[in-house]
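For the numbers below, each heavy atom of this structure counts, side chains included, while hydrogens, waters and symmetry mates do not. Per chain, numbering begins at 1; letters A, B, ... match sequence-line order.
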Amino acid sequence: MWVPPKNPGSSSLPLADTIPSILRFGEGSGIPKLASATAPLGSAPRRAMLLAAPGPKRHTAPASSAGSSSGLDSQRRSLPIFQARGTLLGQLRSLDCAVLIGETGSGKTTQIPQYLYEGGIGRQGIVAVTQPRRVAAISLATRVSDEKKTELGKLVGYTVRFEDLTSEETKIKFLTDGMLLREAIGDPLMAKYSVVILDEAHERTIHTDVLFGVVKAAQKRRKELGKSPLKIIIMSATMDVDLFSQYFNGAPVLYLEGRQHPIQIFYAKQSQSDYLQAALVTVFQIHQEAPPPQDILVFLTGQEEIEAMTKTCRDIAKHLPDGCPQMVVMPLYASLPYSQQLRVFQTAPKGYRKVVLSTNIAETSITIAGIKYVVDTGMVKAKKYSPESGLEVLAVQRVSKAQAWQRAGRAGREDSGLCYRLYTEDEFEKFDKMTIPEIQRCNLAGVMLHLLALRIPNVLTFDFMSKPSPEALQAAVEQLALLGAVERKDDQLILTPLGRRMAAFPLEPKFSKTILMAPKFHCTEEILTIVSLLSVDSVLYNPPSRRDEVQAVRKKFISSEGDHITLLNIYRAFKNISGNREWCKENFVNSRNMMLVSDVRAQLRDICIKLSIPLESSRSDTGNIRRCLAHSLFMNTAELQADGTYATTDTHQLVAIHPSSVLFHCKPACVTYNELLHTNKCYMRDLCVVDADWLYDAAPEYFRRKLRAAKN
DNA sequence: GAGCACTGC
């Protein structure tokens, strides 16, 4: 058992030449919430009732017969939640809404849907359980169908984009929150569901936040219409209970004990001016003092930082003193090719310690077994949105307290763990309590379009749990008006027929509009490809170390007309050789994302057919494609100024061409772009060369208005 | 002149 340094200052680091300072840590005074199994929450609403479920404290390893039915049964019974089953069912039976707070490992997500089913609650309909991520929905459905000893897709099934494994028999259905939201367009009362469980509610994804309001409205409406009741259960891991409870008319909060292992927290004794340096020192300090099979997870902010740190760690690890364990260093971030991501799941060879340097992908999306130590820089790269400028700002910032606890929790998955925070306890106390929910950080055009499609009476006053600013709502509606999706009628905002068609696509409104414009320019096939490419992560893989190779190979696809046409060329080449992996590797194309593009394209094409949109190809005529883009992206344009810089056409914001664009070294007179992203500079991403005249043709009134505004 | 946190429909 590793013992925390009693006097950290005296522990000598054999790497003093490379790393000048030793970081001093003090043990946290406040007992971290995650380490406390009995009293997880300080401020429970008064109406709350406590469901203590003291399961076995000792972590029981999965039965060796895991998979066999008896093993699964005994595992189910050994879960902490099992002893609370009766009480829980009694409560849930009588409640319209409940908030369920369960620690990691309480088994709430797998067990509660089964308890409801077994207890005959809501048998007349389906029990829906939403998840923020696809993989979670799929693996939970698999697990629960195993426990019920049924075939996946029968009693228990799942629905995620591109995959629907449900049938007439399905009574317990796991789905992504986005999927349930999309289903609601055709069925705003959610008539086929008797219970909706919104899981991982504390993550506050934009979809969960919209669903809060949608299920609440559906429940109320069903009651008014005298239809069968809809039961709502909110499941969350952390402390936002007051907010959830208040929003759902004072719904009772039920607590479930979990099986999180204790985590010891250490804070930096002094404020750190350089968190990268501090992280480096801490990793090697731990490495020197801890026995080898215990792995380290370090939270950093981005790809570039992680790649640089990986290299530094590897260099230092080559020159470790005798007797020191060896080290394997692995980067982890979302744009890393899948095969490389998988490496973090391999156990390190004997005598080696695994050090994973990760973005916040390891906070929720990827769980790595065997992590004993977490090193938390306290920093995260996150997006903010300013509705006034329409600008998205991507910046490194402090994490919230909730996020810091989430990170710490990654050390206690299998056994007790330790978390080193590279900030002082005083600094921590100044962190925001919660991360600002996504719905308050985003462009809301898509959300507003969705709400309108759900026939919500007044979208500007929609009952959000955390209301976005009026400016953000107004900006979204204005954007929709510009796209021709909404109009005012008797002081009410309603969808135009075009808007209703736009809402049928699982896309940002401007991309839906682009598709709907395409028939006019006889290039729907090409636009479908381009929009698909733009709506998934980049298919281009750019390893910094092989930049020259990448450039040489990519040359053959590059179009002087911009990124859209270049991407189209790459997709066509990919399809011409019928899309094999080898080709992708040779051409630095991310094959996983490319496959996804194919799936997305097929889905969008199906929707076009349902909407009777003619599917034509413009073949080699790229002018029509660019005209089509100009007609739908006219509000996203910039013009070259006399001094060689670019200014946006509408607000004359100074912008630059993003270095990832094929037009980076070019100076076209007029371009449209997909989005502006503010990092060090205000960059335009994904550009297309257009003719200024086309823009005026596309929206004469818009530009006349802009011109008048400029004159005043 | 030089850069891209993370999900999801």
* **Thr359(A), nearest nucleotide to its side chain (from dG3(B), dA5(B), dT7(B))** => dA5(B)

* **Carboxylate-amine/guanidinium contact Lys383(A) Glu438(A), below 4.0 Å** => no

* Asked: From the list dG3(B), dC9(B), dC6(B), which nucleotide is the closest neighbour of the side chain of Tyr683(A)?
  -> dG3(B)

* To do: State yes or no: are the ring centers of Phe212(A) and Phe244(A) separated by less than 6.0 Å?
  => yes

* Take the protein atom CG of Leu676(A) and the nucleotide atom C1' of dG3(B), then report the distance between them rounded to whole Å. => 15 Å

* Asked: Does the side chain of Thr176(A) get closer than 4.0 angstrom to OP1 or OP2 of dC9(B) through an N or O atom?
  -> yes

* Asked: Looking just at side-chain N and O atoms, do Asn590(A) and Tyr338(A) make a donor-acceptor pair shorter than 3.5 Å?
  -> no

* To do: Would you mind reading off the distance between Glu392(A) atom CD and dC6(B) atom P, rounded to a whole angstrom?
  => 15 Å

* Structure fact -> Side-chain contact check for Ile361(A): nearest option of dG3(B), dC6(B), dC9(B) is dC6(B)

* Asked: Quick one: is Asn680(A) getting a side-chain N or O under 4.0 Å of the dG3(B) phosphate, OP1 or OP2?
  -> yes

* Taking for each residue the nucleotide of DNA chain B with the nearest heavy atom, is it Glu508(A) or Arg547(A) whose nucleotide lies nearer the 5' end? -> Arg547(A)

* CZ of Phe174(A) versus C1' of dG8(B): gap in Å, rounded? -> 19 Å

* Structure fact -> Closest non-hydrogen atoms of Val486(A) and Val477(A), given as atom of the first, atom of the second and distance, are CG2-O, 3.9 Å

* **Per Arg182(A) side chain, nearest of listed nucleotides dC9(B), dT7(B), dG3(B)** => dC9(B)

* Could you tell me whether His665(A) contacts a base, only the sugar-phosphate backbone, or nothing, with contacts defined as non-hydrogen atoms closer than 4.0 Å? => base

* Asked: Closer than 4.0 Å, any side-chain N/O of Thr301(A) to the OP1 or OP2 of dA5(B)?
  -> no

* Could you please name the option among dG1(B), dG8(B), dG3(B) that lies closest to any side-chain atom of Arg134(A)? => dG8(B)

* Look at all strands and tell whether Arg133(A) reaches a base, only sugar-phosphate, or nothing, counting heavy atoms closer than 4.0 Å. => sugar-phosphate

* Could you give the OH-to-P distance, from Tyr541(A) to dG3(B), as a whole number of Å? -> 20 Å

* Of the listed nucleotides dG3(B), dC9(B), dG1(B), the one nearest the side chain of His658(A) -> dG3(B)

* Asked: Would one find a side-chain N or O of Tyr333(A) under 4.0 angstrom from OP1 or OP2 of dA5(B)?
  -> no

* Is there a donor-acceptor contact under 3.5 Å linking the side chains of Glu183(A) and Tyr193(A)? -> yes

* Asked: Please give, in whole Å, the distance from dT7(B) C1' to Leu181(A) CG?
  -> 14 Å

* From CA spacing to verdict: side chain to side chain contact (heavy atoms under 4.5 Å, CB included), Tyr571(A), Val539(A) -> CA-CA 9 Å; Tyr571(A) 185 83; Val539(A) 297; over 6 Å; no

* Length of the NZ-C1' vector between Lys381(A) and dT7(B), whole Å -> 17 Å

* Arg441(A) CZ to dC6(B) P: how many Å, rounded? -> 13 Å

* Rounded to the nearest angstrom, tell me the gap between atom CE in Met684(A) and atom P in dG3(B). => 15 Å

